[in-house]
Amino acid sequence: MNANLLKYFRQDKLPHIWCPGCGHGIIMGALVRAIDKVGLEQDKTVIVSGIGCSSRAPGYMNFDTLHTTHGRAIAFATGIKMAKPELNVIVVTGDGDGAAIGGNHLIHACRRNIGLTVIMFNNNIYGMTSGQYSPLTPVGKKATTAPYGNIDPEFDICNVVKGAGATFIARGTAYHVKQLIDIIARGLTHDGFAFIETLTQCPINYGRRNKFADPVEMLMWQKEVTVSKEVYDKLSEEEKAGKIVTGILYHDDTKIEYTKAYEKVIELARKGGQK
Amino acid sequence: MAEKQILLQGNEAVVEGAIAAGCRFYAGYPITPSSEIAEGMARRLPQVGGKFIQMEDEIGGMAATIGASLAGLKSMTATSGPGFSLKQENIGFAVMTEIPCVIVNVQRMGPSTGLPTSPGQGDMIQARFGTHGDSSIIALTPSNVKEAFDLTIKAFNFAERFRSPVILLLDEIVGHMRENVKLPGADEIEIINRKRPTCKPEEYFPYQPDEDLIPPIADYGTGYRFHITGLYHDKTGFPKGQSPMISDLLLRLHDKILKYQDEVTLIESKYLDDAEIVVLSYGGIMGSAISAVESARKEGKKVGWIKLITIWPFPDQYLLEVAKKVKAFIIPELNLGQIQREVQRATLGKAEIIGLHRVDGDIIRPEEILDKIREVL
């Protein structure tokens with residue numbers, strides 16, 4: 001790794017505890033490169049997580065970091081951002097943490113358009129608890145709690161947050177690292193709620209049960225099944241079938257960011273003259 | 001600034017107390033009979049440059065309260081029974097991570113949805129043992145509107161002083177009671193602020209206690225760059241799952257409060273010098289208890305009263321000493337004897353313990369207590 005980037009890591013906490021072949025380290029690396037690229041001030045950046053494999057990332061990163069309760073990272077982050085809007089508040093979460101138990105906090109943070117950057121590490125499974133199905137496990141795939149194949153239809157989480165009002169939505173993969181760095185960087189500079197889904201491989205608890213031979217095959221799957229938004233928009237309906245779109249899917253910078261909206265509340269309240 | 005007289009509801013007194021204590025952040029979810037606190041904070045906080053947010057649920061309210069405190073603001077949430085249950089996991093997180101904050105519970109009758117607009121005192125034990133694990137906590141209970149104001153300030157001061165969540169237990173009676181109260185001027189109010197580190201950032205350990213057992217806490221965004229987790233952790237804040245560090249941390253979390261029990265314990269009493277029996281109560285039915293004791297005194301009965309203000313940590317030693325001198329305790333409560341059980345435990349059989357319960361959503365009236373006094377004496 002570039003020596004300039006080492007300062008963003010707590011080197012005494014490395015090596016990380018993620019399994020061999022896991023994609024999470026790639027995404028954490030992309031996040032750090034994106035932070036460096038846009039020049040976020042290290043002392044003014046807070047990284048918050050919930051519970052799960054992805055949520056161990058803040059421990060490795062040299063910022064103010066907070067490892068919270070399962071599913072609640074966005075709610076904790078909301079308090080931090082409200083209290084100190086000048087901070088860059090980044091949430092790292094997993095598909096179970098963020099889309100299941102934390103789903104309510106996710107959609108309401110979208111609705112408020114509060115200035116958080118949420119990075120969802122989507123490995124399609126509960127990794128830390130050893131392979132139960134998540135809301136992003138595709139139908140038919142196997143999990144310890146779906147031994148006969150999952151029957152719960154999966155969320156397209158980018159569509160969910162779109163419906164909920166997120167103003168920056170992007171998707172990347174562990175395979176397309178340069179694109180991932182770029183879209184995270186764009187998300188970090190967005191003034192409003194930014195959501196970035198990242199496909200990441202879990203060879204141990206997902207791949208092993210779902211006919212992926214090894215991590216390389218899982219990365220190749222990410223390469224083959226995805227198509228960038230620019231290309232996707234030009235495809236015929238037939239060609240679009242089964243493709244997962246990557247890149248910046250949606251960007252609206254006309255909506256006011258929540259803490260800025262609240263500044264107006266304070267202004268109004270103070271004009272009211274009451275103490 | 002001189003004191004001012006003002007007609008206030010108990011819930012409004014909590015709002016004013018919080019603002020006076022320096023609370024500048026509130027996150028919560030509306031629930032009867034606590035909603036006036038959220039409404040009051042929504043109106044009052046922006047007037048003083050503070051922030052209010054109505055979260056999507058009680059869990060989020062507790063989480064955001066902790067987050068804002070970490071960023072340096074004195075923070076509060078308020079709720080009632082069902083919401084209090086929802087907050088419990090994150091209250092435990094605040095205990096474990098030592099984040100100052102205040103949680104108000106305006107109690108209603110449970111279990112479950114229960115009686116939303118009627119008083120109950122059924123969360124006394126939940127306040128102490130609601131979260132998983134052996135948590136430590138301070139809980140205070142006001143019995144009138146002025147106390148609601150004063151104890152809200154006290155709750156913030158204890159939270160900041162002990163780097164701990166503090167629970168303020170009202171009941172619907174106190175929450176909705178209206179009284180003319182004299183509020184002190186700002187210069188008459190003692191305000192305690194959390195201990196922040198004075199060392200250089202690279203020398204800071206977020207969980208290294210000073211001699212008083214309490215570690216200084218830095219605000220996020222001030223360059224101290226530290227990690228917080230609800231996992232067992234060492235002084236650096238990073239997970240450590242090795243004995244004896246685990247028990248050391250849990251015991252310190254208890255000791256940092258128990259060591260100061262004398263400072264934390266607030267109790268009022270009257271007529272204990274010659275009392276043969278004592279009426280022990282708290283919260284909204286304390287008025288009935290005092291009134292009953294006054295009537296009994298007029299009848300020549302040697303009765304005293306004790307008002308528990310600090311409920312947790314429980315004043316075991318104090319009550320044991322009283323028990324050695326009296327024949328019996330009468331304990332009126334709007335539950336089936338939650339505090340009665342604690343008194344029983346603390347007094348080691350030295351006095352008879354008589355419960356007086358009401359669990360129909362009504363209050364306990366002075367006559368009911370007086371009748372019980374006559375029955376015993």
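First the proteins, then the strands, lettered A, B, ... as listed; each starts at 1. Just so you know, these numbers use all the heavy atoms, side chains as well, and skip hydrogens, waters and symmetry mates.
The shortest distance between side-chain heavy atoms of A:Thr78 and B:Ile53 falls below 4.5 Å. The shortest side-chain heavy-atom distance between A:Lys271 and B:Gln47 does not fall under the 4.5 Å cut-off. Looking at heavy atoms from C-beta onward, A:Arg56 lies out of side-chain contact with B:Thr229 at the 4.5 angstrom threshold. Side-chain contact between A:Gln42 and B:Arg225 is present, with heavy atoms from C-beta onward closer than 4.5 Å.
Once rounded to the nearest 0.5 Å, the distance linking CE of B:Met96 with OG1 of A:Thr69 reads 13.0 Å. Distance check: A:Asp64 CG to B:Tyr224 OH gives 11.5 Å after rounding to the nearest 0.5 Å.
Contacts of B:Ile19 with chain A are absent, with no heavy-atom separation under 4.5 Å from either backbone or side chain. In this structure, the portions of A:Leu66 lying under 4.5 Å from any heavy atom of chain B include both its backbone and its side chain. Only the side chain of A:Arg112 comes within less than 4.5 Å of a heavy atom of chain B; its backbone N, CA, C and O stay farther away. Proximity to chain A is limited to the side chain of B:Pro239, based on heavy atoms less than 4.5 angstrom apart. Contact of B:Phe226 with chain A is made through backbone and side chain together, with heavy-atom distances under 4.5 Å. Using a 4.5 Å cut-off between heavy atoms, A:Glu41 makes no contact with chain B at all. Both the backbone and the side chain of A:Val265 come within contact range of chain B, each with at least one heavy atom under 4.5 Å from a heavy atom of that chain.
A cation-pi arrangement, defined by a distance under 6.0 Å to the six-membered ring centre and an angle within 45 degrees of its axis, is present between A:Lys13 and B:Phe238.
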Residues A:Asp43, B:Thr222; criterion side chain to side chain contact (heavy atoms under 4.5 Å, CB included); working and verdict: CA-CA 7 Å; A:Asp43 284 335; B:Thr222 55; over 6 Å; no
Worked verdict on A:His67 versus B:His227 for side chain to side chain contact (heavy atoms under 4.5 Å, CB included): CA-CA 8 Å; A:His67 179 232; B:His227 184 61; 4.0 Å; yes
Criterion side chain to side chain contact (heavy atoms under 4.5 Å, CB included) on A:Phe76 and B:Asn90, from CA distance to verdict: CA-CA 10 Å; A:Phe76 279 82; B:Asn90 282 338; 3.8 Å; yes
Check against ring pair (Phe, Tyr, Trp, His ring centres under 6.0 Å), B:Phe52 and A:Tyr262: CA-CA 9 Å; B:Phe52 167 93; A:Tyr262 198 85; 7.8 Å; no
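Between A:Ile266 and B:Pro46, the closest heavy-atom pair is CG2-O, 3.6 Å. Heavy-atom minimum distance, B:Phe93 versus A:Thr68: CE1-CA, 3.6 Å. The two residues A:His70 and B:Glu89 come nearest to each other via the heavy atoms N-OE2, 4.2 Å.
For A:Glu257, the side-chain contact (heavy atoms from CB on, under 4.5 Å) partners two or more places apart in sequence, or in a different chain, are A:Lys81, A:Ile114, A:Asp191, A:Thr259, A:Lys260.
Taking A:Val46, A:Asn62, A:Leu87 one by one and counting their heavy-atom pairs under 4.5 Å with chain B, the maximum is reached by A:Asn62. Interface remark: of the candidates A:Arg72, A:Lys44, A:His105, A:Met82, A:His105 forms the most heavy-atom pairs closer than 4.5 Å to chain B. The candidate with the highest count of non-hydrogen atom pairs below 4.5 Å against chain A, out of B:Leu70, B:Ile59, B:Thr65, B:Thr97, is B:Ile59. Interface check for chain A: of the options B:Ser69, B:Gly49, B:Ala218, the most heavy-atom pairs under 4.5 Å are formed by B:Gly49. Each of B:Met62, B:Glu56, B:Arg24 has some count of heavy-atom pairs under 4.5 Å with chain A, and the biggest count is that of B:Glu56.
Within 6.0 Å of atom CZ in A:Phe9, more than 12 heavy atoms from other residues, nucleotides or ligands are found, so the atom counts as buried in its surroundings. The number of heavy atoms from other shown groups lying within 6.0 Å of NZ (A:Lys255) is above 12. Within 6.0 Å of NZ on B:Lys195 lie more than 12 heavy atoms contributed by other residues, nucleotides or ligands.
In terms of modelled atom types and a separation under 3.5 Å, the side chain of A:Lys84 and the main chain of B:Tyr220 share a donor-acceptor contact.
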